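So you know, we letter chains A, B, ... as the sequences are listed, proteins then strands, and number each from 1. Remember, it's a predicted structure, so these values are computed and weren't measured experimentally. Atom set for the values below is all heavy atoms of this structure, side chains included, hydrogens, waters and symmetry mates excluded.
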Amino acid sequence: MFFHGILNMRILLIHADRFSFRVTGETSVSMPSELEKASREGEIAECLVVFMAAEKGDEADVDSVVNQVIEEVLSLADQLGTRHLVIYPYAHLSSTLSSPRVAVRLFDEICRQLQSHDHFKILRAPFGYYKAFEIGCKGHPLSESAKTITPGRPAKGSAEAEESEAIRAEKTLKSEWIIMTPDGEQVSAEDFSFAARPNLERLYRYEKSGTRVSDQAPPHIELMRRMELVDYEPGADPGNFRWYPKGQLMKRLAEAYVSGLVTDHGGMQVETPIMYDYQHPKLSLYLQRFPARQYVLLSGQKEYFLRFAACFGQYLIQHDMQISYHHLPSKLYELAHYAFRREQSGELAGLKRLRTFTMPDLHTLVEDVEQAKEEFLRQTELAMQCMEGFELDFEVAIRFVRDFADQNRSFVEEITSCCGRPALMELWDERFFYFVAKLEFNFIDALDKAACLSTVQIDVENTERFDITYVDKNGEKQYPLLLHASISGSIDRVLYAILETQAMAMTKGRKPSFPFWLAPIQLRLVPVSEKFDGPCKQVLKKVPYRIDYDDRDITMGRKIRDAEREWIPYILVLGAREVAEQCLNVRTRDGAQRKMALPELLAKIEPQMKEKPFLGLPLPQCLSRRPIFVG
RNA sequence: GCCGGCGUAGCUCAGGGGUAGAGCAACUGAUUCGUAAUCAGUAGGUCGCGGGUUCAAAUCCCAUCGCCGGCUCCA
């Protein structure tokens, strides 16, 4: 039903002073029955002529196409005040025609429905014949209009028609909101005292009302540009960003970190295609579950959609795998680079919400509910560790189908105690989604808005839909349960959260900083004058981190200022005094200065890199050789 | 997608029917400097893109694209 693409019905509407046609010959798809339904020739004054061509994509959902064509025609006829219609099959509007069978069905239905409006006089031209026509177009602004009809995207004005079953269901879904404390206590969210957890209250209010007014742009947007990390790309579709060297480095480090955590946890890393066949039977079933927000692309005569998650690529692998109960739990992992969601333009928000983003996606097949719970907890711990590595604070939300929560009370308590903080719990009476349990780590940003980062879910639907099976002890095929997990959430969104966190720190008068392992430049060497170039080169050779060298011909005050504005964790000043004392003057983010010998400094830095990935400088080491990317 | 705001130099912005402006950055020169902005000079623009009104449009009108915010949405 939400199955649509770009190969869809075209109609051309022309308001004419006069229109006439006559059949001139047969084509390869001529059907004599058409001549009975329509006329061999006809003439009409003052009318709306509807030229139509049915396309391949229409075959998926004839009813929806018919409804939309009717709506377009009625609305235009109404505006023009005309009562005469001409229905004219016109294959030349399309290069990818549907089958004649479908086209005839479509035209029949459109005519039948239009005829039911008795104030119309309809002239119908036959399908499948060569025809000659003459037309006198009125030429006013409304007199010519072309439309492409998209099945499944129903007529304007029927807002609910645009929603999938699942989304519609969510609207009517009754939620109960509870706060669950780490020691297992449950309090209705309305009665809970949030004094110690203001962000949890923000999450609850945000979730309950779904909105938060703001007249400001999220502060990370200015930061991502000023810090030369990420920027808008006017040459692309909105929500597709360009990544400058520093941002690209941070992204690669974050990806390497998350992938390392997941593969150490037993995830088997794979890579799957970014585009899929629209007509694939299993995928089309899956797509029907969700609103149509895909990028669709046409290649030759075939339509493809760009993946919106790594799920189905992995389902298709798991479907083909031979799995026995010995292998469970079995984990496939992909760093989905990229996933595409054609969000509405107004929904895009810097790095928080993009149309193209990178997402770590872990899918774990488990034998039964017991194994699912065990894995769920391990993956929750992993997500905790991940947030710690990124130095991010978050609030926990857990959502359950009520029956599942009732039958697994101790599990629910274990999740909250594992997170070590009170959690917002949502309970649904019925299951509308594919999962029975969902954990989320939500980040609260500088504008008090929530964004979901890590998530773990128990899926009870998709192994059956994608025919993913394992062989049990008795040699019988079984459907496993499936855990979805994104240990960090979208990598882009992690960067958003890091930048928003620093924006909040700045408003509180604190100096912003990146986690040391993620800082694009970790140390900067500042010579007091160019006379110290020699000793500086010696220092550069001995530091195994991302260190650069401010060799520009400007004052030292200026160099310090620039380094501070880049949030560089260690600024090393080298002049006559340091050369004499065989040391460096080290300035840290707190503004303090200390004399340190190089080995002492390296020893201080080392623990900050523990178990974190490392990559080299993303830019020329000498600042004098470094171009400016943003203003 | 709908509603509102914005779009002028690389960046941040002022101007508002009659010669295109500032600060920062860039470039050149001087300066060799001790912890958040050294001094002087030079260059830099299809005023988002496209139409229209006008003797004349960056300025007014229309359309369009982009960004931001709200609605909706967030698999």
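Ring centroid separation for the pair A:F390 and A:F394 does not come in under the 6.0 Å cut-off.
Taking the P atom of each, B:rA25 and B:rA37 are spaced 12 Å apart, rounded to whole Å. Rounded to whole Å, the separation between the C1' atoms of B:rU8 and B:rG69 comes to 22 Å. Between the C1' atoms of B:rC39 and B:rC33, the separation comes to 13 Å (whole Å). Rounded to a whole angstrom, the distance from the C1' atom of B:rG1 to that of B:rA58 is 31 Å.
Both A:R552 and A:R493 lie near RNA chain B, and the one whose nearest nucleotide falls closer to the 5' end is A:R552. Residue whose closest nucleotide on RNA chain B sits further toward the 5' end, between A:A309 and A:Q593: A:Q593.
Taking every side-chain heavy atom of A:Q294 into account, B:rA75 is the closest of B:rG1, B:rC68, B:rA75.
A:R561 contributes a side-chain N or O that forms a donor-acceptor pair with the base of B:rA37 under 3.5 Å. For A:E347 and B:rG70, a side-chain-to-base donor-acceptor distance below 3.5 Å is absent, hydrogens and geometry of angles not being considered.
Across all strands, A:E343 comes closer than 4.0 Å to no nucleic acid atom at all (heavy-atom distances).
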Just the table, please: protein N/O against nucleotides 10-13 of chain B N/O, every pair under 3.5 Å.
| from | atom 1 | to | atom 2 | distance (Å) |
| --- | --- | --- | --- | --- |
| B:rG10 | O2' | A:G631 | N | 3.4 |
| B:rU12 | OP1 | A:R225 | NH1 | 3.2 |

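Residue pairs meeting the side-chain hydrogen bond (donor to acceptor under 3.5 Å, both in side chains) criterion with at least one member in residues 489-498 of chain A, sequence neighbours excluded, are A:D445-A:Y496, A:S490-A:D492.
Checking the phosphate oxygens (OP1, OP2) of B:rU35, no side-chain nitrogen or oxygen of A:R565 falls inside 4.0 Å. Phosphate contact (OP1/OP2 of B:rU38, side-chain N/O of A:T555, threshold under 4.0 Å): present. Contact between the side-chain N/O atoms of A:K531 and the OP1/OP2 oxygens of B:rC33 is found at a separation under 4.0 Å.
Counting heavy atoms from C-beta outward, A:S175 and A:W428 have side chains that approach closer than 4.5 Å. Side-chain contact between A:W177 and A:L424 is present, with at least one heavy-atom pair separated by less than 4.5 Å.
The aromatic rings of A:F312 and A:Y276 stand perpendicular to each other, their planes meeting at an angle above 60°, with 30° marking the opposite boundary.
Figure legend: cation-pi geometry between A:K251 and A:W243, with NZ or CZ positioned under 6.0 Å from the six-membered ring centre and within 45° of its axis.
Listed by first residue number, the stems of RNA chain B with at least three Watson-Crick or G-U pairs below 3.5 Å are B:1-7 with B:65-71, B:10-13 with B:21-24, B:26-30 with B:38-42, B:50-52 with B:60-62.
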